K.L.:
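Below are the structure tokens for one structure; questions will follow.
Keep in mind the model is a prediction, meaning the values are calculated, not measured.
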Amino acid sequence: MHRLDRLERHEAARQQPARHTFAVANTLSETVMRAEPVQSAKVRRSAWKRWPKWILLLVLFFWAADTGISLLIRHSRLQRKITARLESAFGRPVEVARYDFSLWGWPTLEAQSITVAEDPRFGQEYFLRAESLTMRLRWRSLLRGRLEFGTFSLGRPSLNLVRDASGDWNLAEWLPRPSASAGAIAPVGPPLPPSSPLRFTRIEVDSGRINFKRGDEKLPFAFVGVKGYLEPESPGRWQLDLQATPMRAAVIPQQAGTLHLSGHVGGTSSRLRPAALDLSWIGASIPDVLRLARNYDYGVRGTLALWLNAQTDADAWALQGRAELRQLHRWDLSLRADNPAVNLTAKMHWNPMNPGIQFEEATLEAPHSNARVRAEISWDHRRVPLKDQVSPFGVEV
């Protein structure tokens, strides 16, 4: 009996650790169940690793689309169709080296090395030339299978403004007239392919240049560093804002100043009328202004600021201007605090069709005096006999 009791107690002692093992097993199983969120975190980390692959595929898609569409335009009839639309817009023959298409940021079509030919009546040189012409396309037109333009951006353009012997400008002749008359002269040059007019919402210019010519003679005066924009404000009305720096061949000015032109003009159907423009020329030195105008240093030193407002409804212009001259002194004299200053304000009437300008009222203001002037200046006496010619300048004080 004692032996049997010892065996039972021994068996009970052996069973006691088994209960502790069972508790440890329960703890381990619970730990394994709580480890499942760690596995889901690994799944999320693996999903983040796929993003670079999708980005790389997207970049490859855009690159392939740009390259493929650019090659399609260059080696198909699309290039001739796009060039024909540009010719319809400019009204003159257009040459383009190549077209590039891009989807980055916005669908754009870029014309490289574009040249717009001149009307033979105004010479054989180009009318407009630019290193690039970037045309932003409209998504809706592309989805409908059409080609409509948004913003035009001209990169480093060069424009030739020519005036012939009869006083006509090539820019004015390029613009359509308000109404076609029976006796209108047809434009000279090869016929242009029929196409719908080119529409755009904005023209941007960067690092441009404007040259001036009188017939076949190229004038030494030009505008460089032209930048700004031109956009429609309302039907038949445009808003513009342009800046430029004047220059003259063989003259290196030290302080030429900056020209700023802003305002509103009419549409091309009304030949840019009516117009209301504001012109300013600030930061210029008087010797550089004289050298730009006459290519000669008259020995006058000082600074110049000029503001001009111009308005027109027809051919004649109503002008109001103000010029401020400061620190006037002779070239061989040192700058002093009491150097004189002069202000000049004037109201003028100018008709580009007549070789003259009329000063309705002008006022010259000095520190201790002023003068009021009325004057009329004319510079054309070719049709007047020599014996009947009078002085071209008259002043009433």
K.L.:
Would N339 and L328 count as a side chain to side chain contact (heavy atoms under 4.5 Å, CB included) if you check the C-alpha gap in whole Å, the side-chain angles of each, and the deciding distance to 0.1 Å?
P.N.:
CA-CA 6 Å; N339 286 142; L328 295 174; 5.7 Å; no
K.L.:
Take L133 and L86, measure what side chain to side chain contact (heavy atoms under 4.5 Å, CB included) needs, and give me the verdict at the end.
P.N.:
CA-CA 11 Å; L133 172 61; L86 291 177; 4.3 Å; yes
K.L.:
Please say whether more than 12 non-hydrogen atoms of neighbouring residues, nucleotides or ligands are located less than 6.0 Å from CG in L333.
P.N.:
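Above 12, so yes.
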K.L.:
Please check: side-chain N/O of R273 versus main-chain N/O of A314, any donor-acceptor pairing under 3.5 Å?
P.N.:
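Indeed, once roles are kept as given, a pair shorter than 3.5 Å links the two residues.
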K.L.:
Between OG of S280 and CG of L306, what distance do you get to the nearest 0.5 Å?
P.N.:
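S280 OG to L306 CG: 8.5 Å, rounded to 0.5 Å.
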K.L.:
Is the side chain of W307 donor-acceptor paired with the backbone N or O of Q320 at a distance under 3.5 Å, no angle test?
P.N.:
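Answer holds: no.
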K.L.:
Does D216, at its CG atom, have more than 12 non-hydrogen atoms belonging to other residues, nucleotides or ligands within less than 6.0 Å?
P.N.:
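It does not: D216 CG has 12 such atoms or fewer within range.
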K.L.:
Quick one: does N354's side chain have a donor or acceptor within less than 3.5 Å of a partner on G356's backbone?
P.N.:
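Flag not set: sc N354 to bb G356 has no pair under 3.5 Å.
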K.L.:
Spell out, as yes or no, whether a donor-acceptor pair under 3.5 Å connects the side chain of N211 to the backbone of S158.
P.N.:
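Not a single qualifying donor-acceptor pair exists.
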K.L.:
Side-chain donor-acceptor pair under 3.5 Å between N343 and R326, yes or no?
P.N.:
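Checked: N343/R326 side chains pair up, N/O donor to acceptor below 3.5 Å.
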K.L.:
Is the side chain of N170 donor-acceptor paired with the backbone N or O of N160 at a distance under 3.5 Å, no angle test?
P.N.:
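Looks like yes, one N/O pair under 3.5 Å.
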K.L.:
After noting the C-alpha distance and the side-chain angles of M348 and W317, does the key distance pass the side chain to side chain contact (heavy atoms under 4.5 Å, CB included) rule?
P.N.:
CA-CA 8 Å; M348 299 161 284; W317 288 80; over 6 Å; no
K.L.:
Would you compute the distance between atom NE2 of H260 and atom CG of D241 and round it to the nearest 0.5 angstrom?
P.N.:
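Rounded to the nearest 0.5 Å, the NE2-CG separation comes out at 3.5 Å.
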K.L.:
Between the side chains of Q112 and E110, is a donor N or O closer than 3.5 angstrom to an acceptor N or O?
P.N.:
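Side-chain D/A pair, Q112 to E110: present.
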K.L.:
Okay, side chain of D288, backbone of Q255: is any donor-acceptor separation there less than 3.5 Å?
P.N.:
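Such a contact is found between D288 side chain and Q255 backbone.
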K.L.:
We want to know whether T151 and Y229 form a side-chain donor-acceptor pair, criterion being a heavy-atom distance below 3.5 angstrom.
P.N.:
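Per modelled atom types, T151 and Y229 side chains form no pair under 3.5 Å.
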K.L.:
Could you check whether any side-chain heavy atom of F359 comes within less than 4.5 Å of a side-chain heavy atom of V373, counting everything from C-beta outward?
P.N.:
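They are not in contact (no side-chain heavy atoms under 4.5 Å apart), so the answer is no.
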K.L.:
Report yes or no: does H329 contribute a side-chain atom to a donor-acceptor pair with the main-chain N or O of Q327 at less than 3.5 Å?
P.N.:
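Side chain of H329 to backbone of Q327, a donor-acceptor pair under 3.5 Å: yes, one is there.
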K.L.:
Would you indicate whether the side-chain heavy atoms of V289 and W281 approach each other to under 4.5 Å?
P.N.:
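SC-SC contact between W281 and V289 confirmed.
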K.L.:
Hey, are the side chains of E125 and E118 touching, using non-hydrogen atoms and a 4.5 Å cut-off?
P.N.:
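Heavy-atom side-chain distance check fails, nothing below 4.5 Å.
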